[in-house]
Amino acid sequence: MLRLPEFELAVPESIDDAVRLLAQPGARVVAGGTDILPNLKHRLDHPPLLVSLARLTALRTIVRDDAAGVLRIGAGVTLTELAEHEDVRTHFPSLAHAAGHVASPLIRNMGTLGGNVNLDTRCRYVNQTEFWRSAIGGCLKSEGDVCHVVPGGRNCVAAMSSDCVPVLIGQDAIIVLQGPDGRRELPLGAYYSADGIRHTVRGDAELTVELRVPLPRTPRRSSYSKWSVRKSIDFPLVSVALRFDLDAEGADAKVEAMRVVVGVLGARPREVTRLEDLHGLTLRDPAFAKGVADRVYQQCKPLENVPYEAPYRREMLRVHTRRAIEALVAGG
Amino acid sequence: MPDDPRKPAAQTEANWQLGKVHRKVDAMERMRGITRYTDDLKLPGMLHAKIVRSPHAHAKIVSIDPSRALAMPGVFGVVTGKDFPIPYGIIPWTPDENALALDKALFVGDGVAAVAAIDEDTAIEAARAIDIVWEKLPAFFDPEAALAAPPELQINPYSKHANLSKEVLLEFGDVEQGIADAALVVEGEYFFEGTTHAAIEPHCAVAHVEPNGLLTVWSATQVSHYLHRELAKVLELPAHRIRVIQPPLGGAFGGKSEPFDLEFVVAKLAMMTKRPVKLLYTREEVFYAHRGRHPMRMRYRTGFTEDGRILAMDAKTTIDGGAYSSFGLVTTYYSGQLAVSPYAMGAYRFHSTRAYTNKPACGPKRGHGSVQPRFATEVQLDKAAVALGIDPIELRRRNDLGADAQTKNDFRIGSNGFLECLRRVELSSGWRERRATLPYGHGLGIAGSTYICGTNYPIYPNAMPQAAVQICLDRSGRARIFSGANDIGQGSNTMLAVIVSEELGLPLDDIRVLSADSDLTPVDLGAYSSRITLMVGNACLDGAKKLRKKVVGAVAKRWSVPEHRIVLAQRMAIDRENPDQHVSSAQAFVWAEEDHGLLGEVGSYNTPKDRHGDYRGATIGASPAYSFTSHVAEVSVDPETGVVEVGTIWVAHDCGRALSRKVVEGQMEGSAYMGFAEAIMEQHIVDPAHGGVHTGPSLLDYRIPTFLDTPELISLIVEAPDDRGPYGAKEAGEGPLHPSIPAIANAIYDAVGVRIDTLPFSPPKVLRAIRARAGAEAKGELAPHKGAR
């Protein structure tokens with residue numbers, strides 16, 4: 001069978017100790033292990049040290065801070081806990097839905113939100129065994145210097161494949177990182193960069209400790225639409241997060257603000273823009289659903305970095321966006 | 001999900017076990033996780049081996065230098081192709097592979113060298129340290145291109161006809177006349193994408209040499225006997241110095257039905273190092289070992305009378321074989337020979353050509369060689385039904401071959417429950433009412449099929465029995481069955497226990513089945529071509545009846561009653577006319593042992609030789625008996641995304657006689673699932689643009705459906721007992737797969753009016769077809785499908 005490479009394992013008792021350990025060159029974090037361990041078996045990395053978060057119970061809480069108007073979700077919360085948490089289901093149903101549709105129940109029981117937010121980018125030419133990659137001479141993200149997705153490309157376009165990230169960005173989530181110089185916060189949308197090899201701005205010794213999501217202050221409808229070939233286990237092939245702030249409850253209310261975030265394109269989730277002229281339409285108005293879906297289609301161009309023809313996936317972005325809005329309307 | 005509770009007649013004392021629901025004899029161990037599979041074996045001092053594989057699709061080996069690997073601490077030995085100069089192959093006429101590549105590698109993943117080391121990590125590191133110099137050669141990934149290549153670009157060095165692996169042309173009756181006479185000729189071109197077995201347990205083998213020189217090989221194989229023969233040949237050891245044991249298997253489906261590189265490698269390394277050696281494939285290596293379903297391009301012409309009778313069928317098929325022959329000679333015949341039944345037809349011709357390509361070798365997967373042509377045949381029938389305005393079930397009825405019939409290619413059919421299969425799926429699916437009313441996007445499709453119950457002749461010609469079983473009873477009231485048959489999860493050990501239970505009156509708990517150990521059990525040919533229930537079942541019944549006679553005679557003598565009054569059931573011998581007179585089975589066995597000495601009998605079975613014609617090739621596809629199946633599939637097709645959801649498959653299967661009901665239903669559901677998976681998502685393909693690498697040799701990228709994707713499967717057992725099967729039983733392990741794919745294809749047509757003639761029915765492909773039809777409808781070339789609904 002595929003074997004893990006040798007590494008040292010540290011199991012720190014405190015976040016400070018974890019951050020100190022992460023300062024060691026090449027050290028990597030392991031929480032649920034559902035992303036890094038397969039990648040290590042594929043020899044995509046050879047960290048001398050894995051820093052386990054298993055004992056950092058402080059990362060495993062979800063707290064609703066009504067005074068600050070935020071939900072604070074510890075990075076160590078498992079995806080199952082996230083999907084089942086009452087406050088998450090009540091205030092951020094699309095986040096519960098996204099977390100509940102990652103991979104499979106067993107993987108959600110192990111995988112954490114911090115891990116999902118930091119999920120390494122994926123590509124059909126990368127996430128293979130070392131032997132397989134040797135047969136194609138590797139690529140920018142592995143042992144080679146070419147891109148098999150974009151011929152002649154010098155920039156890795158491996159796909160950001162997290163289900164939770166588009167939803168969290170759409171809900172204005174803040175990511176909290178702790179590093180050697182203390183804590184810093186930044187909007188999750190600013191956390192990602194368009195480089196499949198290093199697709200976040202996280203410093204090497206920084207640890208994701210919390211996701212902070214502002215509680216909605218106005219009526220809001222949100223949705224996460226995921227399509228893949230199978231109904232379980234697969235990474236998304238179509239991934240769209242929608243958030244609409246309304247002037248009142250119900251599908252006849254006017255949309256005052258919105259965010260539309262699409263995953264599984266390149267290394268960075270794409271925030272769909274130029275939506276302002278749709279403000280003021282009702283959620284129920286077919287022109288609204290069509291307007292949003294058309295803009296998603298115009299602005300999002302999937303690549304051949306994941307299976308299924310990119311043109312098909314692009315068309316499906318439009319279909320699934322429109323259907324997601326129709327489902328919100330049907331839900332009232 | 002049975003719809004017919006067992007008939008009271010089946011519960012008479014004479015059938016106290018037949019047709020009941022049994023717990024498989026190995027079920028509890030498997031469920032509790034204590035079954036010891038091959039990889040669970042750990043022997044003192046055992047080494048681990050790793051195979052170095054070719055990263056090139058076609059490349060000459062200029063040199064192999066193992067010196068860096070051999071110098072590493074913990075490395076015990078290295079073997080290369082030169083250690084296995086004798087070629088082998090499962091079919092004795094086509095030995096065209098070496099355990100490791102001799103002069104050149106033929107596909108990405110072909111084994112080249114192997115190393116044994118103290119543990120797996122060391123073996124992996126040592127494998128990386130074996131230095132190989134390659135010279136790349138032109139590679140072929142398309143069978144037609146391979147066939148057209150100049151002779152100097154021959155892929156397999158042992159081939160006698162360049163890249164032609166096998167060609168068969170057979171004609172029965174006058175096909176051209178039949179086509180000329182036809183009121184309707186349906187022409188179609190179909191493409192069946194290759195698929196693989198994806199058994200959960202990867203291949204694994206362990207070898208150990210005793211100080212006396214006896215070589216023992218434990219292997220996750222479904223053909224211990226053929227493995228035994230090939231080990232003797234390649235290793236140049238007498239067969240009696242080799243012992244082959246098949247531990248419990250985690251699935252096979254045809255993917256373990258011939259020898260593989262790992263078995264020779266562990267044996268040779270064990271002989272060299274004098275240590276036990278184990279090798280477990282990675283999942284990726286399982287994809288390279290492959291031997292899965294052949295890609296086939298099938299060009300069909302079928303001529304019909306106005307009332308839907310088949311006048312002629314003409315099939316031309318190109319088969320993509322991959323780098324080795326495997327069972328390819330048989331596959332090439334099967335691709336034509338098994339496409340005739342269950343239908344009567346005026347004339348039939350097939351021309352099948354198998355080519356070598358630089359890909360993992362194809363072989364037998366559940367429904368070997370006949371699932372692909374069944375797809376073409378049954379879609380052709382559906383197209384004819386539409387064109388002629390005949391209900392597709394009715395059209396199949398009109399072409400039914402019937403019982404005790406002869407197919408156009410001269411196979412003799414015995415019992416035949418095909419019409420009953422059609423009736424059952426028609427009724428259960430609500431075909432008549434629902435098909436006429438389902439709206440656009442929803443549809444029902446039908447398909448039928450047949451399959452063999454073993455092959456009439458063994459792979460290597462011999463006149464010995466095809467199956468043999470040895471049974472012993474002892475004074476504790478226990479039976480032991482010694483069988484060479486490979487239980488691969490299909491339940492063959494349970495089937496044997498049920499037969500002995502039925503005959504000797506013992507509950508299954510009192511019966512031990514010891515199988516597939518060449519030192520302990522008689523030779524059996526293995527688990528392939530759905531042969532075990534009929535052949536090994538008959539052998540077992542033969543032996544069990546002999547023992548029964550001894551036991552019944554001993555009891556009758558003690559009670560001074562005629563033998564026909566003695567019933568063996570419920571762990572007792574009972575006087576039928578005076579049930580108060582009874583003794584325990586153990587006592588009955590004691591009496592029999594007093595009379596006869598140690599209670600042991602052998603049973604054997606050989607096939608009837610009058611079941612086929614006498615033309616060249618007439619024996620290939622001939623079987624003692626044939627099973628029959630039909631499916632109705634219900635689908636919904638999303639016209640905006642092209643996604644096909646299969647909601648329900650009704651599976652009616654004529655297994656002759658269900659010896660163990662749950663096991664038969666399990667085989668029916670598993671088969672239908674497997675066919676559905678191939679229809680909707682499976683693709684075993686290589687990427688010519690990237691040197692012929694497999695597009696995703698993992699269970700993440702090679703998608704097989706999860707529980708959430710799987711349709712409701714309704715098993716409808718049909719029983720048309722065949723005189724040639726034990727108690728009338730026929731096969732249930734492979735036949736029920738066949739109609740899945742065409743039934744789904746035909747249901748897609750019913751739903752949205754498009755024909756998807758290439759597998760799989762993936763969303764982009766279905767969507768393109770729906771749009772093409774919409775374009776034609778817009779131009780007025782076609783009427784709106786289900787326009788009135």
Side-chain angles (χ1 to χ4, degrees), chain A residues 1-6 38 41-43 101 103-105 107 122-125 127-139 144 146 148-149 151 161 225 227-235 237-238 293 304 306-320 322-323 326, chain B residues 39 48 50 52-57 108-109 119-121 123-125 127-128 202 204 280-285 287-288 638 640-643 645 677 680-681 683 686-687 689-701 703-710 760 762-765 767-768 771:
Chain A
M1 63 177 165
L2 289 178
R3 301 273 302 169
L4 286 168
E6 275 191 22
K41 286 186 169 189
H42 284 167
R43 311 285 164 136
H101 284 78
S104 69
I107 290 173
R122 299 186 62 83
C123 178
R124 70 209 302 177
Y125 301 104
N127 297 97
Q128 304 285 353
T129 65
E130 184 179 38
F131 166 77
W132 190 98
R133 294 193 307 272
S134 78
I136 65 161
C139 71
V146 297
H148 298 286
V149 175
S161 301
S225 198
W227 180 77
S228 192
V229 180
R230 294 182 286 193
K231 296 197 182 80
S232 184
I233 205 72
D234 284 341
F235 285 98
L237 296 178
V238 170
E304 301 290 351
V306 296
Y308 274 54
E309 299 117 53
Y312 174 78
R313 280 183 279 120
R314 188 174 175 201
E315 290 193 45
M316 289 308 106
L317 280 171
R318 169 149 64 188
V319 172
H320 287 283
R322 197 202 71 230
R323 287 184 176 183
E326 288 167 356
Chain B
D39 185 44
H48 292 260
K50 204 77 202 162
V52 183
R53 298 188 177 276
S54 168
H56 306 298
V108 174
D119 57 34
E120 206 173 349
D121 289 331
I124 290 169
E125 289 310 312
R128 293 151 73 113
C204 183
L280 169 70
Y281 274 173
T282 61
R283 177 57 58 181
E284 182 182 20
E285 289 178 291
F287 282 94
Y288 298 149
D638 185 330
E640 233 183 345
T641 63
V643 170
E645 292 269 354
I680 298 296
M681 53 180 85
Q683 281 182 295
V686 304
D687 180 359
H690 288 92
V693 291
H694 192 288
T695 52
S698 70
L699 291 179
L700 189 61
D701 289 332
R703 291 182 166 84
I704 60 176
T706 68
F707 269 109
L708 290 180
D709 305 299
T710 302
S762 63
K765 198 189 285 179
L767 185 60
R768 273 194 293 275
R771 287 185 177 167

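Note on naming: letters A, B, ... go to the chains in the order of the sequence lines (proteins, then strands), and numbering restarts at 1 for each one.
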Tell me, out of A:I136, A:L2, A:D234, who's got the most heavy-atom pairs with chain B below 4.5 Å. A:D234
Return the option, out of B:E125, B:H690, B:R283, with the maximum number of heavy-atom pairs under 4.5 Å with chain A. B:H690
So, the part of A:R133 with a heavy atom under 4.5 Å from chain B: the answer is neither
Using a cut-off of under 4.5 Å on heavy-atom pairs, state which of A:H148, A:E309, A:R323 scores highest against chain B. A:R323
So which heavy atom on B:V686 is nearest to which on B:G692, and how close? CB-O, 3.5 Å
Can you name the nearest heavy-atom pair linking B:T706 to B:D709, along with the distance? OG1-OD2, 2.7 Å
Under 6.0 Å between the ring centres of A:Y308 and A:W227? yes
Side chain, backbone, both or neither of A:R124 within contact of chain B (heavy atoms, under 4.5 Å): neither
Checking the side chain of A:W132 only, and the main-chain atoms of A:H42 only, is there a donor and an acceptor separated by less than 3.5 Å? no
Quick check for you: among B:R128, B:E285, B:H56, which has the greatest number of heavy-atom pairs under 4.5 Å with chain A? B:R128
Derivation of the side-chain contact (heavy atoms from CB on, under 4.5 Å) call for B:R703 and B:I680: CA-CA 10 Å; B:R703 291 182 166 84; B:I680 298 296; over 6 Å; no
Comparing A:R230, A:K231, A:Q128, A:E6 against chain B, the one with the most heavy-atom pairs below 4.5 Å turns out to be A:R230
Main chain of B:D687, side chain of B:T695: is a donor-acceptor contact present, judged purely on distance under 3.5 Å? no
Heavy atoms only, distances under 4.5 angstrom: which of A:H320, A:M316, A:R313 has the most pairs with chain B? Name it, please. A:M316
4.5 Å side-chain heavy-atom contact, B:P763 and A:Y312: yes
Contact class of A:V229 relative to chain B, heavy atoms under 4.5 angstrom: both
If one checks every heavy atom of B:D638 against chain A at 4.5 Å, the contacting part turns out to be side chain
Assert top hit (heavy-atom pairs under 4.5 Å, partner chain A, pool B:L280, B:L700, B:D701) equals B:L700
Is it true that B:E284 and B:R53 make a salt bridge, defined as a side-chain N closer than 4.0 Å to a carboxylate O? no
Residue selection (most heavy-atom pairs with chain A, distance under 4.5 Å) from B:T641, B:L708, B:I124, B:L767: B:T641
Looking at B:E120 and A:M1, would you say the former's side chain and the latter's main chain have a donor-acceptor pair under 3.5 Å? yes
Quick one: which of B:G696, B:P697, B:P202, B:G691 has the most heavy-atom pairs under 4.5 Å with chain A, could you say? B:P697
Where on B:Y288 is there a heavy atom nearer than 4.5 Å to chain A: the side chain, the backbone, both, or neither? side chain
Of all heavy-atom pairs between A:L237 and A:P307, which one has the smallest distance, and what is that distance? CD2-O, 3.7 Å
Does any backbone or side-chain atom of B:E645 lie under 4.5 Å from a heavy atom of chain A? Answer side chain, backbone, both or neither. side chain
